[in-house]
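Numbered from 1 within each chain, the chains take letters A, B, ... in sequence-line order. Side chains are part of it too, since the values below use all heavy atoms of this structure and drop only hydrogens, waters and symmetry mates.
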Protein chains: 2
Amino acid sequence: MTTDTDVLIAHCRESGQRITGPRRIIADVVAHAHDHPDISELHRRVAAIDPRISLSTVYRTLKVFAATGLIERHSFAGGRVRIEPAAERHHDHLINVDTGEVVEFRSDAIELLQAEVAKQLGFELTGYKLVLFGRRTAKSDEQGAPLRPNCE
Amino acid sequence: MTTDTDVLIAHCRESGQRITGPRRIIADVVAHAHDHPDISELHRRVAAIDPRISLSTVYRTLKVFAATGLIERHSFAGGRVRIEPAAERHHDHLINVDTGEVVEFRSDAIELLQAEVAKQLGFELTGYKLVLFGRRTAKSDEQGAPLRPNCE
DNA sequence: ATGCACATGCGAATGATTCTCAGTTAATAT
DNA sequence: ATATTAACTGAGAATCATTCGCATGTGCAT
């Protein structure tokens, strides 16, 4: 139960949501999940703290958190959705196709170009989804969260 | 049954696949599907030609076509997968968040930057997924295939 | 303290996709 | 042409992630 968690809780309360036991715990787990876990993994961690908390509640609470912008939901591999606490600073992801490892990065240049491209097509850019897939170049292969490599 | 279709058929045969009645029809429908339909929509079109063709067969055949690189499978909106015949020239997509309209575009600059970013992170870029979301700027709103706007 | 709207848990429902399996059929050899 | 056989197909069951329905439980404003 750290400051991170408190921030989540605070935002949640501000947006008129009730702070319940399950939500406290889920907020706590999410705030410390810096490895882009999927929802069953989150439920596993939550259940390790309080086994009475159901998967439904995790789904529902995450939806609430997402609606308030407290977390982000990614679908890197087409299949299950993966969660990360909302970052102060926006970033994108590179997936190691060999290990599933998720690397975060940001590039202002790419974002500028995207807005530029959209404008040229007659659109105002409201959002985008960018995921890079790659393979480590002639270096040690590091660890990585299990994730189905490749993307549909 | 046009040249496009024949090309699909030819590629299919080359890769050691059998050319069956259903596959002919599916190839034909896919070759003319320039609107990124989802799989049930494809099945609808296929069934309009031969109602005996099952949804399973459409799924299976599309998987075969995809494995051979004859089509591309996109998951723009998180939910169902959408199909397009493989293009000579690679391109990305911009989704009109108001109408679901899919606009194709390409930007060498963005692709160069992506490879650059990956390299800086110590990766060789093997692929990427880029989807822009936008809203038409002060112009007539055009038509668009129905698609759930926004993306998780 | 109390009430009630919102939250929870459980299991059932959904929706897309995949699998199973018995019956067909294309491609190849005869 | 015909037989052979491995690949293909249709129908429905199975799977998997996610959502729903509903009876019960519980924050929190009064």
Side-chain angles (χ1 to χ4, degrees), chain A residues 8-27 29 36-44 46-47 49-68 70-71 73-83 146-148 150-152, chain B residues 8-10 12-27 29 36-44 46-47 49-68 71 73-83 146-148 150-152:
Chain A
L8 270 184
I9 296 287
H11 276 260
C12 199
R13 177 171 280 127
E14 273 170 31
S15 66
Q17 306 298 331
R18 279 190 192 164
I19 309 307
T20 66
R23 287 190 179 174
R24 244 177 237 290
I25 294 177
I26 295 171
V29 168
H36 309 82
D38 62 27
I39 296 186
S40 7
E41 172 58 25
L42 277 181
H43 178 234
R44 223 166 288 132
V46 164
I49 300 175
D50 183 344
R52 293 171 307 173
I53 297 175
S54 75
L55 182 56
S56 308
T57 296
V58 174
Y59 270 103
R60 270 186 297 234
T61 303
L62 290 179
K63 198 179 293 184
V64 170
F65 287 179
T68 328
L70 299 179
I71 64 168
R73 298 152 52 113
H74 302 289
S75 53
F76 297 142
R80 63 199 70 185
V81 164
R82 299 175 60 141
I83 302 295
L147 162 77
R148 263 163 306 182
N150 86 39
C151 175
E152 75 271 5
Chain B
L8 271 185
I9 297 286
C12 199
R13 177 170 281 128
E14 273 170 31
S15 67
Q17 305 300 330
R18 281 190 190 167
I19 308 308
T20 66
R23 286 190 179 177
R24 245 175 236 289
I25 293 178
I26 294 171
V29 168
H36 309 81
D38 61 28
I39 296 186
S40 7
E41 173 57 25
L42 278 180
H43 179 233
R44 222 167 288 132
V46 165
I49 299 176
D50 182 344
R52 292 171 308 174
I53 297 174
S54 76
L55 183 56
S56 307
T57 296
V58 174
Y59 269 103
R60 270 186 299 235
T61 303
L62 290 179
K63 198 180 292 184
V64 169
F65 286 179
T68 327
I71 64 168
R73 297 152 52 115
H74 302 288
S75 54
F76 297 141
R80 65 199 68 186
V81 163
R82 299 175 60 143
I83 302 295
L147 163 77
R148 263 163 306 181
N150 87 38
C151 175
E152 76 276 5

Phosphate contact (dT19(D) OP1 or OP2) by K63(A) side-chain N/O below 4.0 Å: yes

Under 4.0 angstrom between Y59(B) side-chain N/O and dT17(C) OP1 or OP2: yes

To the nearest Å, how far apart are [X] [atom1] and [N] [atom2]?
{"X": "I25(B)", "N": "dC8(D)", "atom1": "CD1", "atom2": "P", "answer": "17 Å"}
{"X": "L42(A)", "N": "dT18(D)", "atom1": "CG", "atom2": "C1'", "answer": "15 Å"}
{"X": "L62(B)", "N": "dT9(D)", "atom1": "CG", "atom2": "C1'", "answer": "15 Å"}
{"X": "H43(A)", "N": "dC16(D)", "atom1": "NE2", "atom2": "P", "answer": "17 Å"}
{"X": "R24(B)", "N": "dA26(C)", "atom1": "CZ", "atom2": "P", "answer": "9 Å"}

Check: I53(A) main-chain N/O paired with H43(A) side-chain donor or acceptor under 3.5 Å: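 Flag set: sc H43(A) to bb I53(A) pair under 3.5 Å.
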
Considering all heavy atoms, the nearest R23(B)-R18(B) contact: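 That would be NH1-O, 3.1 Å.
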
Taking every non-hydrogen atom, the tightest pair across P37(B) and L42(B):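 Minimum heavy-atom separation between P37(B) and L42(B): CG-CD2, 3.7 Å.
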
Rounded (10°) bend between the five-pair end axes of the helix from dA1(C)-dT30(D) to dT30(C)-dA1(D):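 Angle reported: 30°, given to the nearest ten degrees.
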
Residue among I49(A), T57(A), V64(A) satisfying side chain to side chain contact (heavy atoms under 4.5 Å, CB included) with I26(A): T57(A)

Value rounded to 0.5 Å, distance of OG1 in T61(A) from CG in L70(A): 11.5 Å

Spatial distance of atom CD1 (I71(A)) from atom NZ (K63(A)) [nearest 0.5 Å]: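 One finds 11.0 Å between CD1 of I71(A) and NZ of K63(A).
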
Evaluation steps, side chain to side chain contact (heavy atoms under 4.5 Å, CB included), between V46(B) and D50(B): CA-CA 6 Å; V46(B) 165; D50(B) 182 344; 5.8 Å; no

Base versus backbone protein contacts along nucleotides 3-13 of chain C [heavy-atom cut-off under 4.0 Å; B, S, -]: --BBSBBBB--

Among R73(A), R80(A), R82(A), the one residue meeting salt bridge (Lys or Arg N to Asp or Glu O under 4.0 Å) with D38(A):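 Only one of R73(A), R80(A), R82(A) forms a salt bridge (Lys or Arg N to Asp or Glu O under 4.0 Å) with D38(A), namely R80(A).
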
